[in-house]
Visitor: 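This is the structure, below, for whatever I ask next.
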Amino acid sequence: MLDNKIRVGGVMLTPLEAAFVSHAIDRGMIGPGGLTKSFERELAAVHGYKHCLCLNSGQSALMIALQALRLQNGRSLNVAVPAITYISSLAAVVQSQNTPVLVDVHREVHAEMDYDQMPEDVDIVMPVHLFGAAVKRNYPFKNISVEDACEACYAPGVGFGPILCTSFYSSHTITTGMGGAIMCNDDDLYFKCWQLVNHGRIKHDDYTDAANLKDRFTFDEIGYSLKYADINAALGLAQHYNRDNIIEARQYIGLLLTQKLQELGFEQDKHVMPIEDNTYMMFPILLDQGMDRDRIVDVLNQNNIETRMLMPITTQPVVKRLFGPDVEDRYPNAKFLNKHGFYIGCHPMMSDESVDHIAAVIKEAIQ
Ligand SMILES: Cc1ncc(COP(=O)(O)O)c(C=O)c1O
């Protein structure tokens with residue numbers, strides 16, 4: 001650690017990551033290639049999908065999947081997004097030239113989308129698996145889902161639907177510095193996504209086949225350049241093989257924090273996340289109405305404990321421009337979470353002492 005701050009994110013890097021990266025360098029292959037393919041195969045296998053496409057970020061993964069669906073359907077689609085999530089979930093809908101529809105969440109720390117609030121004219125639903133855990137409610141619709149698992153790679157329960165997107169940005173469950181992935185079973189959808197990520201190329205190409213050079217430079221879609229690189233995949237493969245250690249370390253800290261906060265009266269589900277099936281990308285806390293969240297967060301920050309707000313969407317200036325200045329009032333449960341929620345770190349670089357320190361500071365702050 002650079003200082004004694006307890007940060008919201010921390011990465012476990014071992015000699016395995018160093019070995020894989022130097023292997024990529026020794027081969028002289030750091031762009032898209034065989035390591036990317038191997039990483040994709042591993043991710044598809046553990047998440048139970050036929051295809052996986054790695055690309056430059058989680059936001060791009062969502063945007064490309066949604067754009068491919070728009071092209072397949074030949075029209076712009078209404079996409080339901082929970083009113084608590086990271087801005088990328090919403091931005092991806094707008095950038096893919098689909099129409100975002102905000103849906104309120106349950107008034108609970110996990111902020112799951114309230115499926116009972118779903119408008120009729122929705123085409124696609126985007127369940128967002130926040131904070132390291134899959135949403136628990138059964139998906140009740142026939143509508144296709146595009147799951148945002150950017151905060152919950154590997155979490156048990158993610159990947160119940162046809163399309164799963166995730167992120168490997170710094171401090172995420174596993175990280176490759178930056179990066180993301182789309183997983184699906186549909187061959188045509190996979191190809192459309194691949195094509196959009198690769199400049200609109202006419203034919204699928206695994207980057208290693210020199211015989212395909214003509215097709216590589218023939219384009220029949222206006223695509224992007226959002227490719228992934230073997231230097232990142234080298235990190236990714238090592239992080240993937242280390243995933244059990246990384247997740248166990250996160251779960252250890254998550255369990256300790258839960259125990260300490262339960263001693264202070266915080267309850268699982270209501271104030272802190274349930275421990276079952278949680279990979280703990282971070283540790284969200286939802287305070288009761290009477291508690292002054294801003295003061296508590298100030299005290300934490302003054303005591304070297306970093307905090308972030310609980311993924312507010314409806315307070316964002318750009319969201320007010322898109323949905324109207326009163327948008328926050330139209331999603332009352334999200335508004336409650338905007339006012340009473342925050343999160344702290346939960347990662348392998350934290351120690352028993354950091355948990356004791358956090359618990360002591362929260363105890364003092366809530367008195
Ligand atoms: C819920 C959610 N969706 C999407 C993203 C976007 O991922 P990336 O930063 O890789 O673009 C994030 C990033 O933190 C996220 O938390």
Side-chain angles (χ1 to χ4, degrees), residues 7-11 39 43 52-67 79-96 98 100 102-103 105 109-113 124-135 145-155 157-159 163-183 193 197 224-229 232-233 235-236 239 250 273 278-284 306 308-314 316 318-319 334 337 341-347:
R7 299 193 177 279
V8 292
V11 185
F39 187 36
L43 289 165
C52 174
L53 172 66
C54 282
L55 70 172
N56 76 322
S57 77
Q59 178 165 322
S60 299
L62 291 163
M63 178 190 75
I64 291 297
L66 291 166
Q67 182 159 338
V79 184
V81 177
I84 293 282
T85 182
Y86 188 58
I87 193 69
S88 292
S89 317
L90 184 72
V93 180
V94 178
Q95 287 165 341
S96 61
N98 290 298
L102 285 175
V103 178
V105 296
V109 66
H110 200 192
E112 284 190 24
M113 194 191 280
I124 297 177
V125 180
M126 186 193 289
V128 183
H129 305 290
L130 289 173
F131 316 131
V135 299
S145 63
V146 173
E147 289 165 68
D148 178 345
C150 287
E151 298 185 3
C153 193
Y154 305 118
V158 306
I163 302 159
L164 180 69
C165 296
T166 195
S167 164
F168 313 117
Y169 187 60
S170 304
S171 304
H172 283 225
T173 312
I174 64 159
T175 183
T176 67
M178 52 198 302
I182 305 168
M183 290 171 246
C193 291
V197 166
Y224 303 85
S225 178
L226 300 173
K227 301 180 292 291
Y228 196 65
N232 298 95
L235 269 173
Q239 289 263 290
R250 292 180 176 281
M273 294 281 287
N278 196 338
T279 61
Y280 286 104
M281 194 189 122
M282 61 272 263
F283 195 92
E306 261 190 359
R308 299 275 191 278
M309 295 298 111
L310 205 75
M311 311 274 161
I313 284 288
T314 54
Q316 304 298 344
V318 64
V319 176
L337 270 61
F342 67 99
Y343 70 85
I344 55 176
C346 188
H347 53 76

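Both ligands and their constituent atoms are indexed starting at 1 by order of listing. In what follows, every heavy atom counts, from backbone to side chain, and hydrogens, waters and symmetry copies are set aside.
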Visitor: What residue and heavy atom of the protein are closest to atom 15 (C) of ligand 1, and at what distance?
Guide: Tyr86 CB, 3.5 Å

Visitor: Enter the distance from Leu235:CG to Met178:CE here, rounded to the nearest 0.5 Å.
Guide: 13.0 Å

Visitor: Any sub-3.5 Å donor-acceptor pair from His110's side-chain atoms to Leu130's backbone N or O?
Guide: yes

Visitor: Could you identify the single nearest non-hydrogen protein atom to atom 6 (C) of ligand 1 and state the distance to 0.1 Å?
Guide: Ser88 OG, 3.3 Å

Visitor: Could you tell me, atom by atom, which parts of ligand 1 come under 4.0 Å of a heavy atom of Cys150?
Guide: 2 (C), 3 (N), 4 (C), 5 (C), 12 (C), 15 (C)

Visitor: Check the angle between the aromatic planes of Tyr169 and His172 and answer parallel, tilted or perpendicular using the 30° and 60° thresholds.
Guide: perpendicular

Visitor: Would you say the side-chain atoms of Asn232 pair up with the backbone N or O of Gly179, donor to acceptor, closer than 3.5 Å?
Guide: no

Visitor: To which protein heavy atom is atom 3 (N) of ligand 1 closest, and what is the distance rounded to 0.1 Å?
Guide: Asp148 OD2, 2.7 Å

Visitor: I'd like to check which ligand 1 atoms, numbered from 1 as shown, lie under 4.0 Å from a non-hydrogen atom of Val128.
Guide: 1 (C)

Visitor: From the options Met311, Met63, His172, select the one whose nearest heavy atom is closest to atom 14 (O) of ligand 1.
Guide: His172

Visitor: Counting only N and O atoms by type, is there a donor-acceptor contact under 3.5 Å from the side chain of Ser167 to the main-chain atoms of Ser57?
Guide: no

Visitor: Please report the shortest heavy-atom distance between Val103 and Met113, naming the atom on each side.
Guide: CG1-CG, 3.7 Å

Visitor: Which of the numbered atoms in ligand 1 are below 4.0 angstrom from a heavy atom of Ser167?
Guide: 7 (O), 8 (P), 10 (O)

Visitor: Heavy atoms only: give me the nearest Val105-Leu337 pair and the separation to one decimal.
Guide: CG2-CD2, 4.2 Å

Visitor: Evaluate Gly58 for polar contact with ligand 1, using N/O atom pairs at a separation under 3.5 Å.
Guide: yes

Visitor: Enumerate the atoms of ligand 1 whose separation from the nearest heavy atom of Gln59 is less than 4.0 angstrom.
Guide: 6 (C), 7 (O), 8 (P), 11 (O)

Visitor: Would you mind listing which atoms of ligand 1 come within a distance below 4.0 Å of any non-hydrogen atom of Tyr169?
Guide: 9 (O), 10 (O)

Visitor: Any idea which heavy atoms bring Met309 and Gly341 closest together, and the distance?
Guide: SD-O, 4.2 Å

Visitor: What protein heavy atom sits nearest atom 16 (O) of ligand 1, and how far off is it?
Guide: Glu151 OE2, 2.6 Å

Visitor: What atoms in ligand 1 come closer than 4.0 Å to a heavy atom of Ser57?
Guide: 10 (O), 11 (O)

